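Positions are given from 1 along the sequence. All of these numbers come straight from a predicted model, not from anything done at the bench.
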Amino acid sequence: MHTLEAIATRRSVRAFKPDPVPIDTIHKILEVSARAPSGTNMQPWKARVVTGAARERLVQAALAAGESGKTLDAEYKYYPDRFPEPYLSRRRKVGWDLYGLLGIQRGEAEKMHAQHARNQMFFDAPVGIIFSVDRVLEIGSWLDYGMFLENVMVAARSFGLHSCPQVAWAPYHEVVRDTLGMPKEEVIVCGMALGYEDEDAIENSLRTERAPLSDWVCFHDE
């Protein structure tokens, strides 16, 4: 797949087929993704790939934690306390566009909760990846991490795979730590579902919009 096509067709898929992904393919995706730039070549990324029984153990542990009523908080702040425009409108639109496709109406808290819990099932993808970073590293390494994660998702497209990056895994750091033996020195950045898209799933018909260049680009030539 051409690089531009891979970038243009990357999107967050929220329903996957059960078809397994060859382990060799996962190796290739992660190896090439590690060519991402990082300050002084620190390469701050760490990944835990879960498939098969290991994936199922993590899924069940996370679902149990989500139903326990216990407060689950991420170890870092992803969103602001208040969303100014245009971010508030964009956030609301994608949420209601997705719920509209799924037939979830405003105020249907149980259905919303059930849909959110699909994150902890990796949206049925056969491959789940938990990404973490050393706690001592600063914001520069987190910026490097973003470039690495984009590489993973674009590289996956070259193999005909789709993905969904999931910050929803960040609050489950204790579950992941206990299930996968992750040391306390690492912070969960996000999870990621990886696999083949279920093209019949209505939620996968969602196409998010992007603002035109005129909204966010200034060209200076003098």
**Q** At what distance, to the nearest 0.5 angstrom, does CD of Glu31 lie from NE2 of His27?
**A** 7.5 Å

**Q** Tell me whether Glu85 at atom CD has more than 12 heavy atoms from other residues, nucleotides or ligands lying less than 6.0 Å away.
**A** yes

**Q** Does the side chain of Leu206 come within less than 4.5 Å of Arg14's, by heavy atoms?
**A** yes

**Q** Let me check something: do Val154 and Leu30 share a hydrophobic cluster, defined by ILVMFWY side-chain heavy atoms less than 4.5 Å apart, either directly or through other members?
**A** no

**Q** Please say yes or no: joined through hydrophobic side-chain contacts below 4.5 Å, possibly via intermediate residues, are Leu161 and Phe123 part of one cluster?
**A** no

**Q** So, the side chain of Tyr172 versus the backbone of Ala61: is there a donor-acceptor pair under 3.5 Å, distance only?
**A** no

**Q** Looking only at heavy atoms, which two atoms of Ala62 and Val175 are closest? And how far apart?
**A** N-CG1, 3.7 Å

**Q** Could you check whether atom CD1 of Ile139 has more than 12 heavy atoms from other residues, nucleotides or ligands sitting under 6.0 Å from it?
**A** no

**Q** Give a yes or no on whether the backbone of Leu137 and the side-chain of Ser141 come within a donor-acceptor separation of less than 3.5 Å.
**A** no

**Q** Quick check: do Val152 and Met192 have side-chain heavy atoms less than 4.5 Å from each other?
**A** yes

**Q** Would you list the pairs meeting side chain to side chain donor-acceptor pair (under 3.5 Å) in which at least one residue belongs to residues 43-55, sequence neighbours left out?
**A** Asn41-Gln43, Arg48-Ser132, Arg48-Glu186

**Q** Let me see the working for Arg91 and Ser89 under side-chain hydrogen bond (donor to acceptor under 3.5 Å, both in side chains), right down to the final yes or no.
**A** CA-CA 5 Å; Arg91 174 180 171 85; Ser89 294; over 6 Å; no

**Q** Drop me the distance from Asp97's CG to Leu102's CG, to the nearest 0.5 angstrom.
**A** 11.0 Å

**Q** Could I get the full list of side-chain hydrogen bond (donor to acceptor under 3.5 Å, both in side chains) partners for Ser158, not counting sequence neighbours?
**A** none

**Q** For Glu108 and His113, run side-chain hydrogen bond (donor to acceptor under 3.5 Å, both in side chains): C-alpha distance rounded to whole Å, both residues' side-chain angles, the deciding distance at 0.1 Å, then the answer.
**A** CA-CA 9 Å; Glu108 293 185 313; His113 176 73; over 6 Å; no

**Q** Can a donor-acceptor pair be found, under 3.5 Å and without considering hydrogens, that links the side chain of His173 to the backbone of Asp73?
**A** yes

**Q** Could you measure the distance from the CG atom of Asn119 to the SG atom of Cys190? Nearest 0.5 Å is fine.
**A** 11.0 Å

**Q** Are Gln105 and Tyr99 side-chain neighbours, meaning at least one heavy-atom pair lies under 4.5 Å?
**A** no

**Q** Distance from Ile104 atom CD1 to Glu203 atom CD, nearest 0.5 Å?
**A** 9.5 Å

**Q** Are any of the side-chain heavy atoms of Arg90 and Lys93 separated by less than 4.5 Å?
**A** no

**Q** If the threshold is 4.0 Å, N to carboxylate O, is there a salt bridge linking Arg10 and Glu5?
**A** no

**Q** Mark yes or no for whether Asp198, through its side chain, and Asp200, through its backbone, hold a donor-acceptor pair below 3.5 Å.
**A** yes

**Q** When the ring planes of Phe83 and Tyr79 are compared, do they come out parallel, tilted or perpendicular, using 30° and 60° as the limits?
**A** tilted

**Q** Any sub-3.5 Å donor-acceptor pair from Trp216's side-chain atoms to Ala211's backbone N or O?
**A** yes

**Q** Can you tell if the side chain of Lys70 reaches within under 4.5 Å of the side chain of Glu174, non-hydrogen atoms only?
**A** yes

**Q** Might you confirm whether atom OH of Tyr87 has over 12 heavy atoms from other residues, nucleotides or ligands at distances under 6.0 Å?
**A** no

**Q** Do Gln166 side-chain atoms and Ala193 backbone N/O form a donor-acceptor pair below 3.5 Å?
**A** yes

**Q** Report whether Leu63 and Ile130 are members of the same hydrophobic cluster (ILVMFWY, side-chain heavy atoms less than 4.5 Å apart, transitive linking).
**A** yes

**Q** Can you classify the ring geometry of Phe148 versus Tyr145 as parallel (below 30°), tilted (30 to 60°) or perpendicular (above 60°)?
**A** perpendicular

**Q** Would a distance-only check, ignoring hydrogens and angles, find a side-chain to backbone donor-acceptor pair under 3.5 Å from Thr25 to Val21?
**A** no

**Q** When you look at Arg157 and Thr9, which way does the side-chain hydrogen bond (donor to acceptor under 3.5 Å, both in side chains) test go after all the steps?
**A** CA-CA 8 Å; Arg157 291 298 300 123; Thr9 60; 3.0 Å; yes

**Q** Is atom CZ of Arg135 surrounded by more than 12 heavy atoms (other residues, nucleotides or ligands) closer than 6.0 Å?
**A** yes

**Q** Roughly how far apart are Gln60 CD and Thr179 OG1, rounded to 0.5 Å?
**A** 11.0 Å

**Q** Do Phe131 and Val176 belong to the same hydrophobic cluster, where Ile, Leu, Val, Met, Phe, Trp and Tyr are linked whenever their side-chain heavy atoms lie under 4.5 Å apart, directly or via other members?
**A** no

**Q** Is the shortest side-chain heavy-atom distance between Val59 and Met121 below 4.5 Å?
**A** yes

**Q** Do the side chain of Arg207 and the main chain of Asn204 share a donor and acceptor less than 3.5 angstrom apart?
**A** yes

**Q** Under a 4.5 Å cut-off applied to non-hydrogen side-chain atoms, are Pro44 and Ser38 in contact?
**A** yes

**Q** Which pair of non-hydrogen atoms, one from Met112 and one from Trp96, has the smallest distance, and what is that distance?
**A** CE-CH2, 3.6 Å

**Q** Are Tyr196 and Ile23 grouped together when hydrophobic residues (ILVMFWY) are joined by side-chain heavy atoms under 4.5 angstrom apart?
**A** yes

**Q** Checking salt bridge (Lys or Arg N to Asp or Glu O under 4.0 Å) for the pair Lys17/Asp124: CA distance, chi angles, key distance, verdict?
**A** CA-CA 7 Å; Lys17 295 178 180 178; Asp124 296 330; over 6 Å; no

**Q** Answer yes when Arg177 and Glu75 have at least one side-chain N-carboxylate O distance shorter than 4.0 Å, and no when they do not.
**A** yes

**Q** Please examine the side chains of Thr208 and Arg11, heavy atoms only from C-beta on, and report whether any two atoms are closer than 4.5 Å.
**A** no

**Q** With rounding to the nearest 0.5 angstrom, report the CG to CZ distance, Leu194 to Phe122.
**A** 10.5 Å

**Q** Under the criterion side chain to side chain contact (heavy atoms under 4.5 Å, CB included), I'd like the reasoning laid out for Ile26 against Val49: C-alpha separation, chi angles, the key distance, then a yes or no.
**A** CA-CA 9 Å; Ile26 301 172; Val49 179; 4.3 Å; yes

